[in-house]
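Everything below concerns the one structure shown next.
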Protein chains: 2
Amino acid sequence: FISTEDLFKIYKLGDFEINALRGINLFIEKSEFVAIMGPSGSGKSTLMHILGCLDRPTRGRYLLDGEDISLLDRNSLARIRNSKIGFVFQSFNLLSRTTALENVELPLLYNGNSSKDNIEKAKRALSLVGLEGRENSYPNQLSGGQQQRVAIARALINNPAIILADEPTGNLDTRTSVEVMDIFQYLNKSGITIILITHEKDIASYAKRNITFRDGKIIKDEIVPNP
Amino acid sequence: FISTEDLFKIYKLGDFEINALRGINLFIEKSEFVAIMGPSGSGKSTLMHILGCLDRPTRGRYLLDGEDISLLDRNSLARIRNSKIGFVFQSFNLLSRTTALENVELPLLYNGNSSKDNIEKAKRALSLVGLEGRENSYPNQLSGGQQQRVAIARALINNPAIILADEPTGNLDTRTSVEVMDIFQYLNKSGITIILITHEKDIASYAKRNITFRDGKIIKDEIVPNP
Ligand SMILES: Nc1ncnc2c1ncn2[C@@H]1O[C@H](COP(=O)(O)OP(=O)(O)OP(=O)(O)O)[C@@H](O)[C@H]1O
Ligand SMILES: Nc1ncnc2c1ncn2[C@@H]1O[C@H](COP(=O)(O)OP(=O)(O)OP(=O)(O)O)[C@@H](O)[C@H]1O
Ligand SMILES: [Mg+2]
Ligand SMILES: [Mg+2]
């Protein structure tokens, strides 16, 4: 379903290079629930951006549902991103001049659905993450954890086949984190593939498989007993 | 040293109000190490902004080192912020068009020090948080945890009397978090007052006192046995 072949990502910074990914071979099947852990700067977000079709590797191949992503043009990439993938960014990436509701609605606009349906769906997604009543607030009127939850709601709105979540509970207290992980677990049981980056072992234990990064390489890949 | 009297913060959003702080009475002595926990949206960052002289309460008083902050004009507030307080923001607030080094140097410029000293100090602060070699990178060339560490280095650069850190390890793996908390512990032993917001019990246990928020109020305030 998701497979990478010897993936490399090299950033050139003036006279030195950063080898963010150094030969990643990863195979993730449909409906898996994978947690990725590893030190700061070890390449986790870089991999997520490539898996999310937001970035291209320097070398190597990425096949998503059998398609070689490097052969697709920008429009096809955008279509895949919008229809198949929900992305929760490490720094939320909310639009600051639109409300929580409008931020969550945004992915639906590309599908040309009726606007009335969109508003209902977005309201329900916000209510699911505990933000009922705050639909018309702007990001700078929301706490860090509330912004994070808007980002999560936005990633779920299109019923994507794959959810990529980068530190989705980094700004959430324990109880709210559990609520969010329960949502992810429920979605996974209904067939959605979930890949999440976390630095917290409690969060990683919700997944059925844990992958550990170090210096741009995968150094451990194990099945979790009894998530 | 730090004392608040019946602090209120009320945000007006159209036809409803958010009571972010509902009567906070807090007394923190010099050189204390306090951790603040509580649900998302419970008022923690709002309190930190008032303590950091970045925001004013709607009602109530805030006395810092004996001075009533509400009586100070904008220039005096800026001077206190720059000389006495180091702030690590929940969303980092780095300047995107300046390098890591320049971001860390910024607080020093207000003190009119020699530029050669500043560069040395900033380099040492970045090295302390493990970012040696990345001085000339821009924030968008750094991982989430690397940006967080630049924000931490910037907060330490002026040798402030008080450090206010809002989720300083939210994007850091366990080992890097320990390195950061060791820095805070070391600074606290040398007399610096530290107030940090966290949602992780392991991080809160580095502090000698834990305060718990809920719905804009302090519901628990206890000394931690053996931090
Ligand atoms: N500028 C604003 N306008 C309106 N409401 C605001 C504003 N800033 C904060 N709030 C609201 O005040 C409440 C407290 O926010 P605060 O940022 O202090 O929470 P927090 O405890 O830091 O939460 P988190 O753990 O999610 O970061 C929240 O309901 C938030 O939406
Ligand atoms: N645009 C860029 N230009 C140069 N270097 C980059 C760029 N983006 C990322 N890097 C570097 O690539 C490495 C991996 O970054 P990445 O964001 O994948 O780390 P991460 O594992 O997500 O870290 P964290 O846990 O701190 O979020 C880091 O050293 C980072 O500085
Ligand atoms: Mg990252
Ligand atoms: Mg906050």
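As the structure is a computational prediction, the values presented were derived from the model and not from experiment. In what follows, chains are A, B, ... by sequence order, proteins preceding strands, each numbered from 1.
Counting non-hydrogen atoms of other residues, nucleotides and ligands closer than 6.0 Å to NZ of B/Lys123 gives a total of 12 or fewer.
For the pair B/Asp55 and B/Lys9, the salt-bridge criterion is met [side-chain N within less than 4.0 Å of a carboxylate O]. Under 4.0 Å is where a charged nitrogen must lie from a carboxylate oxygen, and between B/Glu179 and B/Arg175 at least one such pair does.
Contact residues of residues 98-105 of chain B toward chain A are absent (heavy-atom distance under 4.5 Å).
When ring centroids are compared, B/Phe89 and B/Phe87 come within the 6.0 Å threshold.
Contact annotation for A/Glu200: only side-chain heavy atoms (C-beta onward) come within less than 4.5 Å of a heavy atom of chain B. With a 4.5 Å cut-off on non-hydrogen atoms, A/Ser91 does not touch chain B at all. Using a 4.5 Å cut-off between heavy atoms, A/Gln141 touches chain B through its side chain atoms alone. For A/Ile18, the part lying under 4.5 angstrom from a heavy atom of chain B is the side chain only. Proximity to chain B is absent for every atom of A/Phe92, based on heavy atoms less than 4.5 angstrom apart.
Of the residues considered (B/Gly170, B/Ala20, B/Gly145, B/Ser177), B/Gly170 shows the highest number of contacts with chain A, using heavy-atom pairs under 4.5 Å. Of the residues considered (B/Thr174, B/Leu13, B/Asn171, B/Leu142), B/Asn171 shows the highest number of contacts with chain A, using heavy-atom pairs under 4.5 Å. Most heavy-atom pairs under 4.5 Å with chain B, from the set A/Thr176, A/Leu172, A/Asp166: that is A/Leu172.
For B/Ser137, the side-chain hydrogen bond (donor to acceptor under 3.5 Å, both in side chains) test picks out B/Arg134, with sequence neighbours left out. When the side-chain contact (heavy atoms from CB on, under 4.5 Å) test is applied to B/Lys201, the partners found at least two apart in sequence or on another chain are B/Met37. Looking at residues two or more places apart in sequence or on another chain, you find a side-chain hydrogen bond (donor to acceptor under 3.5 Å, both in side chains) between A/Ser143 and A/Gln146.
Using modelled atom types, one finds a donor on one side chain and an acceptor on the other under 3.5 Å when comparing A/Gln90 with A/Ser45. Between the side chains of B/Ser40 and A/Arg149, a donor-acceptor pair is found at a separation under 3.5 Å.
Here the shortest heavy-atom pairing between B/Ile2 and B/Tyr62 reads CG2-CE1, 4.0 Å.
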